[in-house]
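Quick note on labels: first sequence line is chain A, next is B, and so on, each numbered from 1. In what follows, every heavy atom counts, from backbone to side chain, and hydrogens, waters and symmetry copies are set aside.
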2 protein chains.
Amino acid sequence: MTASINDVARAAGVSASTVSRALRGRPGVSDEVRSQIAAVAAQLGYTASRSASSLASGRTYTIGVLVPYVGRWFFGTVLDAAEKVFSAAGYDVLLYNLGSAETRKRFFTRLPVRKRVDAVLSLLIPDDAESAALRSLGVPLATTVGGTRPGFTVVGIDDRAGTESAVRHLVNLGHRRIGMISGASGPLHWTTPIERRNAYLDVLADAGIEHDPALEADGDYTVEGGERAMTELLAASRPPTAVFAQSDEMAMGALRALRRHRLKVPEDVSVVGFDDHELADVVGLTTVAQPVAEQGAEAARLLLRQLDDPDAAPPAGQVQMPIRLVLRETTAPPRPRGPQ
Amino acid sequence: MTASINDVARAAGVSASTVSRALRGRPGVSDEVRSQIAAVAAQLGYTASRSASSLASGRTYTIGVLVPYVGRWFFGTVLDAAEKVFSAAGYDVLLYNLGSAETRKRFFTRLPVRKRVDAVLSLLIPDDAESAALRSLGVPLATTVGGTRPGFTVVGIDDRAGTESAVRHLVNLGHRRIGMISGASGPLHWTTPIERRNAYLDVLADAGIEHDPALEADGDYTVEGGERAMTELLAASRPPTAVFAQSDEMAMGALRALRRHRLKVPEDVSVVGFDDHELADVVGLTTVAQPVAEQGAEAARLLLRQLDDPDAAPPAGQVQMPIRLVLRETTAPPRPRGPQ
DNA sequence: CTGTTAGCGCCTTCAT
DNA sequence: ATGAAGGCGCTAACAG
């Protein structure tokens, strides 16, 4: 079997407490003894059992991360960045993939992270009951999605401003029939689609453009959904000359639909996305860039800070990250139209 | 504080042992008492402490998953699928993002998973010393990348066959100057690029095409690398009329480079990728499809099987998953050439 | 600076 | 079918 703390203590001729103190860099051990213990431990290949030390100390040195879809670029990127920050600080990451309603429900009723994590980073937006469940864990909480909520440190972007810059860009190019592909079919507590929609409506109103409900379609935040949504929009009696997609993945789906319909981008239809997906540049997509990895890293850092100093108040409101419109090749003025 | 097993025992008027047995579905508890205990536990919001039960039983119900880059589509997708299988079986996933040499080294020297996991799924290829370190954990091991290695259950694809189908496709279209973008710059124990290269060379030889070293470039498995590599190939005295990229991400980089050089795909240059990335279809990329999520799920299942029945021998050799060439729009016969 | 004494919360014999 | 005792490996007071 693997060596225990007592094996090390015996081999080093000291007590287990001293080994514990020495190995964790706590004061109260002479340098000589400390280095001696370190040598013995290394030689025996000793690593403290996390279970045992968690049980005794109450600290787990692990962070629970809740994700809706690990395979999706946005979440994978946030997770990647957050994990790096956590592991650099000596914390392990327990991953929970809660994409399906069933998995999600089981997670929140059984709450397997109870007594298992020192903090939770949620990349999904908990509803009120779920938030309460998380708060009942009594550990620091953070999220990189959705709006402010009690008990959570939230890192995010200004969805309104991002959307406005995208839609304004289309308006400025001269478009009047501007469609939107949203991702509204998810759970209601997911406010991002709503904020983006409101911003879209506001810009249209501002520009004196009447809103046409036939120019909105749901793309479910997936490539396939985006393709379906674009196909729907094209079937309208007066199809849009430009489309704002609430995510790059949906925008790419839209591009595919347009190509299948033999429509040219941007000559026939302009497309703007949201996120600046790693492949947006490959397809030349104009989009609203947000610092995805940075949001994960920042949320992780804020959580660690609260762990280091439990008295420090978590940042109030939302920590806002910068966004910017990246102009590429999928947007242009509308085709000149005949007399109307 | 949260309820402990003794709180439940007291509230139910039984002993802690009985609560333990009842909640874990072990025999020796009358149905009546069992359901009574379940009710009390639910009412108290009791969940057993994982640390305590691991310590007492030696089982952790946790799987360690090692990943080089969570944000990369391939790994994110494998991880996503594996996590679903594990969590459905009641296991938690501890994620280790070992992209940098430094992180990786620290992981294998400190081995933080020791005494913390019941099994390990590695999505990176451990070298001999690293494999030995993992074996020393004394738990089942599996991987979805690289070749067969002692002590590991390996799920993968036939890289040779996949590459052959891609390169043969180009040969059959009439191409003679076929370039390759590889991902060879990684660590040496990463055999995939080598296998694919050998298969590429074999197909050329078979077709009586002389190999031109100027037609090979390293794309580092990234979009940017693929773009650089393609740019390099185009600078050759006699550039290729077709290119096989060892991954879709590099192929997409190549497409971007070609677009920047105002070359038409497939008219001027044909491109084939490898993976069938979720966005390959969006850009119309011809590619070798492999069941990525399925590989993660299958590896997870095989691990669980070994956990259920420790006596069962792990599958010998490699569990091979099917591949197939997906024809899309980036490949065509070469332009007819003048007399030569 | 170092050792001793108690648990942390649960599971596992062994009794009954 | 149930309860009592012991211990998993470590950390946290408390003594010296």
Side-chain angles (χ1 to χ4, degrees), chain A residues 1-38 40-41 44-62 90 111-118 137-138, chain B residues 1-38 40-41 44-62 90 111-118 137-138:
Chain A
M1 264 317 283
T2 65
S4 83
I5 197 171
N6 286 308
D7 298 330
V8 178
R10 210 169 304 127
V14 296
S15 75
S17 326
T18 303
V19 173
S20 174
R21 283 189 280 254
L23 261 23
R24 284 180 306 139
R26 320 229 49 158
V29 183
S30 70
D31 288 355
E32 190 189 6
V33 172
R34 191 186 295 274
S35 61
Q36 221 264 98
I37 289 176
V40 173
L44 260 48
Y46 170 74
T47 309
S49 154
R50 267 317 219 301
S51 309
S53 63
S54 304
L55 185 57
S57 71
R59 294 272 275 161
T60 66
Y61 284 99
T62 106
L111 228 45
V113 287
R114 179 174 296 161
K115 306 175 192 167
R116 269 211 102 179
V117 300
D118 290 344
L137 296 172
Chain B
M1 264 316 285
T2 63
S4 82
I5 196 170
N6 286 308
D7 299 330
V8 178
R10 210 168 306 128
V14 296
S15 74
S17 325
T18 303
V19 174
S20 174
R21 283 188 280 253
L23 261 23
R24 285 178 307 137
R26 318 230 50 162
V29 183
S30 69
D31 287 354
E32 188 188 6
V33 173
R34 191 186 296 275
S35 60
Q36 220 263 99
I37 290 176
V40 172
L44 260 48
Y46 169 75
T47 310
S49 154
R50 263 326 215 300
S51 307
S53 60
S54 301
L55 185 56
S57 70
R59 293 274 276 160
T60 66
Y61 285 99
T62 301
L111 228 44
V113 287
R114 178 174 297 161
K115 308 176 190 165
R116 270 210 98 177
V117 299
D118 290 344
L137 295 172

Any donor-acceptor N or O pair under 3.5 Å, side chains R116(A), T62(B):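 Distance-only check passes for R116(A) and T62(B).
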When rounded to the nearest 0.5 angstrom, what distance separates [atom1] in [X] from [atom2] in [Y]?
X: E32(A); Y: I37(A); atom1: CD; atom2: CD1; value: 11.0 Å
X: S4(B); Y: K115(A); atom1: OG; atom2: NZ; value: 6.5 Å
X: I5(B); Y: S17(B); atom1: CD1; atom2: OG; value: 7.5 Å
X: T18(B); Y: R26(B); atom1: OG1; atom2: CZ; value: 14.0 Å

Polar pair under 3.5 Å, donor/acceptor by atom type, side chain R50(B), base dG9(C):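 Not at all, since no donor on one side and acceptor on the other fall under 3.5 Å apart.
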Heavy-atom donor-acceptor pair, S17(B) side-chain to dA4(D) base, under 3.5 Å: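 It does, because a donor-acceptor pair links the side chain of S17(B) to the base of dA4(D) below 3.5 Å.
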Residue pair L137(A) / R114(A), side-chain heavy-atom distance below 4.5 Å: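 Answer yes - side chains close enough.
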Note, D118(A) side chain near R59(A) side chain (heavy atom, < 4.5 Å): yes
Closest-nucleotide 5' rank along DNA chain D - winner of A52(B) and D31(B):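 Of the two residues, D31(B) wins.
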Nucleotide dC1(C), atom P - distance to CD of Q36(A) in whole Å: 17 Å
Which of the following nucleotides, [options], is nearest to the side chain of [X]?
X: S30(A); options: dT2(C), dC10(D), dG9(C); value: dT2(C)
X: R26(A); options: dC11(C), dA12(D), dC10(D); value: dA12(D)
X: S4(A); options: dT4(C), dT2(D), dG9(D); value: dG9(D)
X: R24(A); options: dT2(D), dC11(C), dT11(D); value: dT11(D)
X: I5(A); options: dT11(D), dG7(D), dG3(D); value: dT11(D)
X: R21(B); options: dT2(C), dT13(C), dT11(D); value: dT13(C)

For DNA chain D, the residues among residues 6-15 of chain A that have a non-hydrogen atom under 4.0 Å from it: none
side-chain N/O Y46(B) vs dC10(C) OP1/OP2, d < 4.0 Å: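 Result: yes.
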